[in-house]
Structures are given as C-alpha cells and as structure tokens.
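When a ligand or atom number is given, it counts from 1 through the structure's own listing order. From a predicted model like this one, the values you see are computed outputs, not experimental measurements.
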Amino acid sequence: MAKLHNVAFKLNGKAVAAEVEPRELLIYTLRERLGATGAHIGCETSHCGACTVDCNGMSVKSCTVLTVQCAGADVLTVEGLERGGALHALQQAFHEEHGLQCGYCTPGMLMRAYRLLQENPSPSEAEIRYGMAGNLCRCTGYQNIVKAVQSAARKLAAKPAAA
Ligand code: FES
Ligand code: FES
C-alpha cells in the first residue's frame, strides 16, 4: 500500500482533513471520507461534469483532481451553497424553472453555474451554453437549465448580497 498523506483543506467553510493515498481522487475523498455526497460520480473521465465542485475559485471536475493537490485549498460543494437554511438563488431557480428531471447532473450543474455567475454575473444565453458545455444532462434538453441560470442571474443582480 502506498504511503498515506494527511491532506487538510477547507470544505464548505470548515477545516477538514483526510488520510489518503497519493492516487486518491477528490470525488472519492469528498463522498467516502468526508460525507459530502452531493457531488456525483458519472463518467469518471472528465466528460459529464456530474462531479463538478469549486476549488480555489475555479470549477473543477473532482474525478480528475487528486486529493493531495487540494492541500490548503478552499473547496465548495453543492452542500455549501445554501445560506442559513435558505436555498441559494441558483437552487431556487432550478426548482422554479424545472431545470432538472432525474437530478443526477444537478449538483454539478449548480456548481458550474455558481462559478459562471461569479465570473460573469450577467451572461447571455450563448455565454451560459458555452460556459456550461462541460456539464451533460441526459434528461432536460438544457433549455430549462439555461432559463434557471438566467433567472438566478436576474435575482442575484437585484440582491447581490445573496451571491
Ligand atoms: S464523473 Fe467527473 S466528469 Fe463525469
Ligand atoms: S436531470 Fe437527469 S441528467 Fe440532468
């Protein structure tokens, strides 16, 4: 067995640590060691985006990030989006605009949309489609996902403190 590494980082604002082999992928550490099962495992080959989380202010596909690369990082998963028990504007908008069916892609969609709106608070439809092209959905046809991101962008622009 390979030497274990103690990797400490911040997960949804809280300090966490895990003993991992150097080859362990972030998605497994999140789900199996830290109980953050919101990020889903889809393809494990960086195609589907179901495992997308935010790391140091960037969207990453956690099936292609080694946990040891996250030492000292600030990681945000879908569990960290709500504030004081209230849904994030994106979560609310996905609900209201029917931006999901089975929901398997949704945590990754939300996390990618979160970073997209941090980078571009008022994206055009084309920018949303381009910015979320790395996240696949087998159910919705994407139209309502785009509508949900547009709706959340409008709400966040009206109430920026909720970002
Ligand atoms: S599970 Fe990571 S991109 Fe599909
Ligand atoms: S809602 Fe089913 S995969 Fe997107």
Query raised in the report: Does any N or O in the side chain of Lys159 come within less than 3.5 Å of the main-chain N or O of Ala89, such that one atom is a donor and the other an acceptor?
Result: no

What lies under 2.8 Å from atom 4 (Fe) of ligand 1, restricted to protein N/O/S atoms, is Cys43 SG, Cys48 SG

Glu24 and Thr67: side chain donor to acceptor below 3.5 Å: no

Worksheet item: Is the side chain of Ser62 donor-acceptor paired with the backbone N or O of Leu26 at a distance under 3.5 Å, no angle test?
Response: no

Taken in chain and number order and not counting sequence neighbours, the residues that satisfy ring-ring contact (aromatic ring centres under 6.0 Å, His included) with Tyr104 are His40

Here the gap from Ile145 atom CD1 to Arg129 atom CZ, rounded to the nearest 0.5 Å, amounts to 9.5 Å

Mind listing the side-chain donor-acceptor pairs of residues 15-23 below 3.5 Å, one per line with the distance, residues two or more places apart or on another chain?
unit_1, atom_1, unit_2, atom_2, d
Glu19, OE2, Asn6, ND2, 3.0
Glu21, OE1, Arg23, NE, 2.9

dist Leu136:CG -> Met109:CE (nearest 0.5 Å) comes out at 7.0 Å

Per side chain to side chain contact (heavy atoms under 4.5 Å, CB included), Val78 is matched among Thr37, Thr52, Val53, Leu110 by Leu110

Shell check on atom 4 (Fe) of ligand 2: protein N, O or S atoms less than 2.8 Å away are Cys105 SG, Cys137 SG

Item to complete: Output yes when a side-chain donor or acceptor of His88 lies under 3.5 Å from a complementary backbone atom of Leu90, and no otherwise.
Response: yes

